Protein chains: 2
Amino acid sequence: MTFKTSSLAARETGARPTARDVAALAGVSVGTVSRVVNGAATVNAQVRDRVTSAIATLGWRPSIVAQNMRGRATRMIGFIFPDLDNPLFSSMIKGAEDVLTRAGYMLIVGSSNGQSEREMALIDLFGQRQADGLIFTIEQESHPAVQKCMAQARFPIVMLERDGTPAATVSAGADHFQGTLQATRHLIELGHRRIALVSGGRDNRVGRARLAGFRQAHEQAGIAVDDTLVQIDSGTAGNDWGLRKTQWLLAQADAPTAVMALGRHLLKGVLVACKRQNIRIPQDLSVVTSNDSDLAELAEPAISVIRYSTYDLGRAAAELLLDQLAAADPASAPSRTEIPTEFVLRASCAAPPVHARAGAPDRLATNTSPR
Amino acid sequence: MTFKTSSLAARETGARPTARDVAALAGVSVGTVSRVVNGAATVNAQVRDRVTSAIATLGWRPSIVAQNMRGRATRMIGFIFPDLDNPLFSSMIKGAEDVLTRAGYMLIVGSSNGQSEREMALIDLFGQRQADGLIFTIEQESHPAVQKCMAQARFPIVMLERDGTPAATVSAGADHFQGTLQATRHLIELGHRRIALVSGGRDNRVGRARLAGFRQAHEQAGIAVDDTLVQIDSGTAGNDWGLRKTQWLLAQADAPTAVMALGRHLLKGVLVACKRQNIRIPQDLSVVTSNDSDLAELAEPAISVIRYSTYDLGRAAAELLLDQLAAADPASAPSRTEIPTEFVLRASCAAPPVHARAGAPDRLATNTSPR
DNA sequence: TTGTAAGCGTTATCAT
DNA sequence: ATGATAACGCTTACAA
């Protein structure tokens with residue numbers, strides 16, 4: 001007969017108490033302790049009280065790790081985002097958290113930094129940790145190795161702001177197509193014929209949807225799209241990408257009369273570029289951005305935005321995940337939640353300057369700024 | 001003799017393979033599998049190869065849950081923040097993640113929504129999940145029940161942007177005292193005598209440090225502080241708190257000539273209030289805010305800010321936690337990392353209007369706005 | 001060098 | 001109604 005750790009020992013050392021300690025203190029067996037905490041009907045009231053007070057005395061809480069060993073779900077959801085240092089992430093994670101907390105889940109977060117290697121490492125790690133599901137904003141949708149990794153995952157995956165793939169068919173995203181379509185249409189109706197589109201997302205749904213909306217608006221108006229005005233970047237460009245792109249666009253011989261800088265971090269660059277070159281919004285250049293912000297609202301003039309709720313996006317992703325978790329059938333059907341977008345017209349949009357419409361060579365020549 | 005799950009079964013069903021499956025496939029014992037994956041020196045090269053390929057065939061990864069059961073650290077760090085839907089959270093979590101990932105840890109996040117009950121529930125949950133540590137931005141530093149809960153936690157806690165408490169003596173925070181001191185001094189030097197301080201944090205270090213810096217600057221200049229100009233809020237006020245407070249301050253008979261709105265979310269309210277009442281910055285009112293942002297930088301005029309890196313704050317908290325985790329002595333000494341602040345002077349600060357200095361009753365009377 | 005078996009903290013099955 | 005015990009997947013001391 002071996003000497004076992006007793007509740008006495010547990011109380012003396014700082015060691016975490018176990019059900020065995022509780023059982024010893026209450027003078028019952030571990031099975032009974034388990035029955036009490038799990039609310040089994042078949043427990044004598046007196047025994048229940050003894051156990052309950054022993055639990056309180058020792059401050060015992062069942063080990064979730066041990067419960068997981070027994071096959072219980074970990075109730076942990078992974079969340080992989082290209083860049084946690086992004087205000088959009090804040091509201092998305094909050095939306096997801098609000099939904100998942102209510103259902104008893106917790107979120108584990110990881111930043112991929114846009115690297116596929118890291119995405120795969122994180123998926124693998126979540127697997128080892130037995131996560132129950134994953135909300136994933138993949139960097140490159142078409143990356144085969146990452147897709148393979150997703151396909152092998154033993155948990156459901158919801159794509160956030162990305163398209164479903166063969167490996168993960170459930171997705172939540174904003175309706176960038178409609179938003180961009182409306183905004184582009186509005187600019188065209190104002191008389192713009194040379195509209196620039198600046199956006200991230202070469203290899204993901206967001207960029208594709210924006211481009212599609214942009215093209216459709218042009219097509220419906222019978223206007224050809226000048227591809228030099230379409231600047232869709234791949235990957236996480238530097239912080240001053242918006243600035244450099246705008247400067248480049250404005251330096252073209254036949255510069256755009258309107259720029260749609262779609263992505264919250266791009267607006268700053270556009271405004272700085274305009275300020276430096278003394279370009280007036282909207283007289284010289286109309287501006288549209290996406291993701292409403294204090295800056296867009298309070299800039300002088302206020303900037304028109306394609307607005308949508310990233311909080312709702314996070315909620316939607318979480319809800320889709322819960323649906324899949326609840327579904328008895330593991331191979332659930334493809335599904336998608338689309339969050340509506342709204343074009344908010346502000347003072348930054350006006351008719352193009354007359355000389356541009358008349359085909360004047362270069363507005364900047366007329367309006368040289370002192371650097 | 002019972003029939004055991006074999007590698008065959010594991011490959012046929014979708015069940016996660018175990019070390020036993022690997023062992024069976026490789027024709028070795030589970031102990032050997034463990035030795036191989038843990039890089040034990042004493043393994044025959046041929047055996048190692050057989051095991052390695054069996055692992056690859058089955059796609060086996062050791063279960064972290066089972067490893068935890070054996071006493072291995074979970075390498076999970078909790079992170080409790082009052083409001084995940086806050087851009088500051090993004091950069092803090094990113095800073096922490098960068099440090100912790102390198103050390104093999106993952107982050108579990110939870111939003112307390114400013115509720116002490118939820119804070120305690122989360123701490124408790126992290127305990128049950130056997131988290132190795134916690135980074136915590138408590139809502140009310142002095143809350144006794146939460147402190148007790150912290151004291152009972154079996155893992156080290158680092159306070160983020162909060163003071164150490166008896167229950168958790170390690171903390172990381174920005175040097176709000178210096179930042180506020182400098183900014184206030186500058187306003188005083190410009191001639192301001194009635195400066196308003198608007199900030200959150202009635203019961204935390206941030207608010208206290210700001211108030212202390214504010215007071216010290218006044219004291220050193222021999223100026224009395226008018227307490228009606230000091231508006232330090234408790235808890236997470238509504239989104240329009242900055243607006244309402246500014247409107248209230250400007251409506252006072254002896255309105256301030258400068259306002260320090262310390263908190264990123266407050267600037268918008270100040271700017272809106274000024275716009276609505278046709279108050280010019282800085283001619284009528286000087287403005288200082290905290291936390292640099294695109295809005296502060298690009299507002300017209302640009303707004304002076306007390307700047308500091310929330311990313312560094314997250315890093316610092318994580319590094320302190322790693323220090324504690326590495327320390328053999330569990331009862332480590334109190335320690336604190338202070339992140340420097342910097343007062344960035346922009347166009348929003350100027351000398352107070354003449355009539356205010358002459359003691360004119362109400363600037364608004366001279367400058368009535370249409371609405 | 002490799003196999004065997006105990007044990008981590010639960011839960012569930014089977015006796016009593 | 002309650003106790004004893006096997007099992008979850010892994011690591012490790014000990015045996016061979």
Side-chain angles (χ1 to χ4, degrees), chain A residues 1-7 9-10 15-24 26-51 54-55 58-75 127-130 154, chain B residues 1-7 9-10 15-24 26-51 54-55 58-75 127-130 154:
Chain A
M1 178 193 171
T2 45
F3 183 78
K4 300 269 176 148
T5 312
S6 72
S7 66
R16 183 183 228 271
T18 73
R20 210 209 293 300
D21 300 320
V22 174
V28 298
S29 73
V30 282
T32 302
V33 174
S34 176
R35 281 184 281 260
V36 168
V37 291
N38 292 301
T42 66
V43 202
N44 179 297
Q46 292 196 10
V47 174
R48 176 183 301 275
D49 288 349
R50 285 217 312 280
V51 171
I55 289 174
L58 296 177
W60 174 78
R61 320 269 12 216
S63 158
I64 293 188
V65 169
Q67 291 177 328
N68 294 336
M69 273 282 303
R70 290 282 315 171
R72 193 216 253 219
T74 57
R75 290 186 120 50
Q128 282 189 67
R129 289 191 182 276
Q130 274 148 259
R154 319 192 91 84
Chain B
M1 179 194 171
T2 44
F3 184 78
K4 300 269 177 147
T5 313
S6 72
S7 66
R16 185 182 226 269
T18 74
R20 213 213 292 301
D21 299 321
V22 174
V28 298
S29 74
V30 282
T32 302
V33 173
S34 176
R35 277 170 216 126
V36 169
V37 291
N38 292 302
T42 65
V43 202
N44 178 296
Q46 292 195 8
V47 174
R48 177 182 299 275
D49 287 350
R50 286 216 313 279
V51 171
I55 289 173
L58 296 177
W60 175 77
R61 319 267 15 217
S63 158
I64 292 188
V65 168
Q67 292 177 327
N68 295 336
M69 275 282 301
R70 291 279 316 172
R72 194 216 253 221
T74 56
R75 292 194 153 316
Q128 282 189 68
R129 291 190 180 276
Q130 275 149 258
R154 317 192 93 86

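Sequence lines set the chain letters: A, B, ... in the order given, protein chains first and strands last, and positions in each chain run from 1. This is a predicted model, so every value here is computed, not measured.
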Inset, instruction - Return the value, rounded to whole Å, for the distance between atom CG of A:Asn68 and atom C1' of D:dG9. - result: 12 Å
Inset, instruction - Heavy atoms only: give me the nearest A:Val30-A:Ala23 pair and the separation to one decimal. - result: N-CB, 3.7 Å
Legend entry - Where A:Ala73 and A:Asn68 come nearest, the two heavy atoms and their spacing: O-OD1, 3.4 Å
Legend entry - Heavy-atom pair with the smallest gap, counting every atom of A:Ala40 and A:Arg48: O-NH2, 3.1 Å
Legend entry - Interatomic distance, A:Arg154 CZ vs D:dG9 C1' [rounded to whole Å]: 14 Å
Inset, instruction - Take the protein atom CD of B:Gln130 and the nucleotide atom C1' of C:dG9, then report the distance between them rounded to whole Å. - result: 9 Å
Legend entry - Shortest non-hydrogen contact between B:Val51 and B:Val33, atoms and distance: CG1-CA, 4.2 Å
Legend entry - From A:Arg129 atom CZ to A:Thr74 atom OG1, the distance as rounded to the nearest 0.5 Å: 10.5 Å
Legend entry - Side chain A:Arg72, main chain A:Ile64, donor-acceptor under 3.5 Å: no
Inset, instruction - Quick one: closest heavy-atom pair of A:Pro62 and A:Gln67, and the distance? - result: CB-NE2, 3.7 Å
Legend entry - Sugar-phosphate or base contact per nucleotide [nucleotides 10-15 of chain D; S, B, -; heavy atom under 4.0 Å]: BBBB--
Inset, instruction - Please state how far atom CZ in B:Arg129 lies from atom P in C:dT10, giving the value in whole angstrom units. - result: 15 Å
Inset, instruction - Please round to the nearest 0.5 Å and tell me the distance separating atom CZ of A:Arg70 and atom OG of A:Ser63. - result: 13.0 Å
Inset, instruction - Describe, as an angle rounded to 10 degrees, how the axis at the first end of the helix from C:dT1-D:dA16 to C:dT16-D:dA1 is tilted relative to the axis at the last end, five pairs per end. - result: 50°
Inset, instruction - Give the minimum heavy-atom separation between A:Thr18 and A:Trp60, together with the two atoms involved. - result: C-NE1, 3.4 Å
Legend entry - Distance, nearest 0.5 Å, that separates CG of A:Asn44 from CZ of A:Arg50: 8.0 Å
Legend entry - First of B:Thr42 and B:Gly71 reached from the 5' end of DNA chain C, by closest nucleotide: B:Thr42
Legend entry - Distance, nearest 0.5 Å, that separates CD of B:Gln128 from CZ of A:Arg16: 7.0 Å
Legend entry - Of residues 43-51 of chain A, the positions that come close to DNA chain D - non-hydrogen atoms, cut-off under 4.0 Å: A:Val43, A:Asn44, A:Val47
Inset, instruction - Scan A:Val65 against the nucleic acid and name what it touches under 4.0 Å (heavy atoms): base, sugar-phosphate only, or nothing. - result: nothing
